[in-house]
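The block underneath contains the structure these notes are about, expressed in structure tokens.
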Number of protein chains: 2
Amino acid sequence: MTGPDFDLSQLKLPEPQQLEAYFALTEAVSLLQHQVEQQLRAEGGISTVQFQILMALNGAGQLTMTQLADGVVYSRSGLTYQAGLLEKAGLVTRGPSPEDERATLVAITPKGRDTVAKVLPGHIEVTRRLLYEAVPAADLRRLRDIMSRVRDHIREEPPRSAAPRRRRTS
Amino acid sequence: MTGPDFDLSQLKLPEPQQLEAYFALTEAVSLLQHQVEQQLRAEGGISTVQFQILMALNGAGQLTMTQLADGVVYSRSGLTYQAGLLEKAGLVTRGPSPEDERATLVAITPKGRDTVAKVLPGHIEVTRRLLYEAVPAADLRRLRDIMSRVRDHIREEPPRSAAPRRRRTS
DNA sequence: ACACATTGCTTCGAATTCGAAGCAGGTAGG
DNA sequence: CCTACCTGCTTCGAATTCGAAGCAATGTGT
């Protein structure tokens, strides 16, 4: 074991409130996601990921697999699997892109839009009950601003361990 | 299909900012979790769930499986699996409770504490870079307060579909 | 003490997840 | 055009996840 042998309780953290914020954040979101999962499954027979995919497509009409995977924060292979399920269920279609023969364009079907329309009210109701109800409107706006900033900040980050995509130095 | 046939774009949401807050929240947390996962795996060979379990035990010393599962927001069976892995790795021990013969007490080992001590600095560093860096201290405090409130609010909720645990009406 | 619901945990099977490897289309330099 | 690399997606295998069912210990009412 190469680890230090001091007791954790002696670890003086710069800002203990920081970890608290992080833990409260992840715990609350876990609880929230869990309830949302139940509602989506019960009312629409879809999972959270599938709902996210459908919501993304509902706004954009059609997207490539890569765009979708990036949008919903999902592995490529996982998305292939989910897109397969959605296609089998008739909620999306997959076809080649006219521009790039490699790309797969995923498009939402009318049935897919129906599903979104069917589950969205319940989805909003659940989030209202669990999230909005606990947070005054002013704080909700702050929350949105803060988390939007965090999201953008993380998206900007270069993937730490992936070599900075520099062109070959010629 | 029983779904309404109107276009989603016509759906007048009470507060469009609400969904935005929810989506920004889940997206940011997904991105954050993803990076944290990499760091924990790389530096300590443990997953996020395992880290959460160790952190809970690091504070409490020992907990029952149920207490752990509730604390970490995880299925019972999933926790059994993870506790098995952690025990095999020598980071925790499992034993019967003196008070309740059914209960399994999970306790953290010195090696488990070493692991926490080993990964925690890196964990803090990642969250600092991705979360704290993007959020001024004042907002971070607000974020903590808001999400703590949300967490408590959800925990209070009766599990919607589970019958209100009323005693048999005699 | 005796039934019977409840609680705490594990086992089981099916579904989902990810990364690594593979395949085909696209692109750049000579 | 040829070689080499890059990109977009899928396939594959291994690990993880959950809920349902099962098992043992507790609690409750009579």
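Worth knowing before you read on, the calculation uses all heavy atoms, side chains too, and leaves out hydrogens, waters and symmetry mates. Numbers restart at 1 for each chain; the letters A, B, ... are given by sequence-line order, proteins then strands.
A sub-4.0 Å separation between OP1 or OP2 of C:dT11 and a side-chain N or O of B:Arg76 is absent.
Using a 4.0 Å heavy-atom distance criterion, B:Thr80 is classed as a base contact. Residue B:Leu85 is in sugar-phosphate contact alone, with no base atom involved, counting any heavy-atom pair closer than 4.0 Å across all strands shown.
B:Glu27 and A:Arg155 are joined by a salt bridge, as a carboxylate oxygen and a charged side-chain nitrogen come within less than 4.0 angstrom of each other. Salt-bridge formation is detected for the pair B:Glu133/B:Arg128: a Lys NZ or Arg NE/NH1/NH2 atom is positioned less than 4.0 Å from an Asp or Glu carboxylate oxygen.
Looking at B:Ser77, its side chain comes within 3.5 Å of the base of D:dG19 through a donor and an acceptor atom. Judged by atom type and distance alone, B:Arg102 does not reach the base of D:dT26 through any side-chain donor-acceptor pair under 3.5 Å.
Taking atom CG on B:Leu79 and atom C1' on C:dT11, their separation rounds to 15 Å, with Å as the unit. Between the CG atom of B:Asp100 and the P atom of C:dT6 there is a distance of 17 Å, given to the nearest Å. Straight-line distance from the OH atom of B:Tyr81 to the C1' atom of D:dG19: 17 Å, rounded to whole Å.
A heavy atom closer than 4.0 Å to some atom of DNA chain D occurs in no member of residues 43-50 of chain A.
Map A:Ser75 and A:Glu99 each onto its nearest nucleotide of DNA chain C; the residue landing nearer the 5' end is A:Ser75. Between B:Gln67 and A:Gln82, the residue anchored closer to the 5' end of DNA chain C is B:Gln67, taking for each the nucleotide with the nearest heavy atom. Remark on DNA chain D: of its neighbouring residues B:Glu101 and B:Val73, the 5'-side contact belongs to B:Val73, judged by nearest-heavy-atom nucleotide.
For the pair A:Val106 and A:Leu63, the minimum side-chain heavy-atom distance is 4.5 Å or more.
For the atom pair B:Ile108 CD1 and B:Leu86 CG, the distance stands at 9.0 Å (nearest 0.5 Å). Taken to the nearest 0.5 Å, the OG1 atom of B:Thr127 stands 8.5 Å off from the CD atom of B:Gln39.
Under the side chain to side chain donor-acceptor pair (under 3.5 Å) criterion, A:Arg142 pairs with A:Asp139, not counting sequence neighbours.
In terms of heavy-atom proximity, A:Gln50 sits nearest to A:Gly45 at OE1-O, 4.3 Å.
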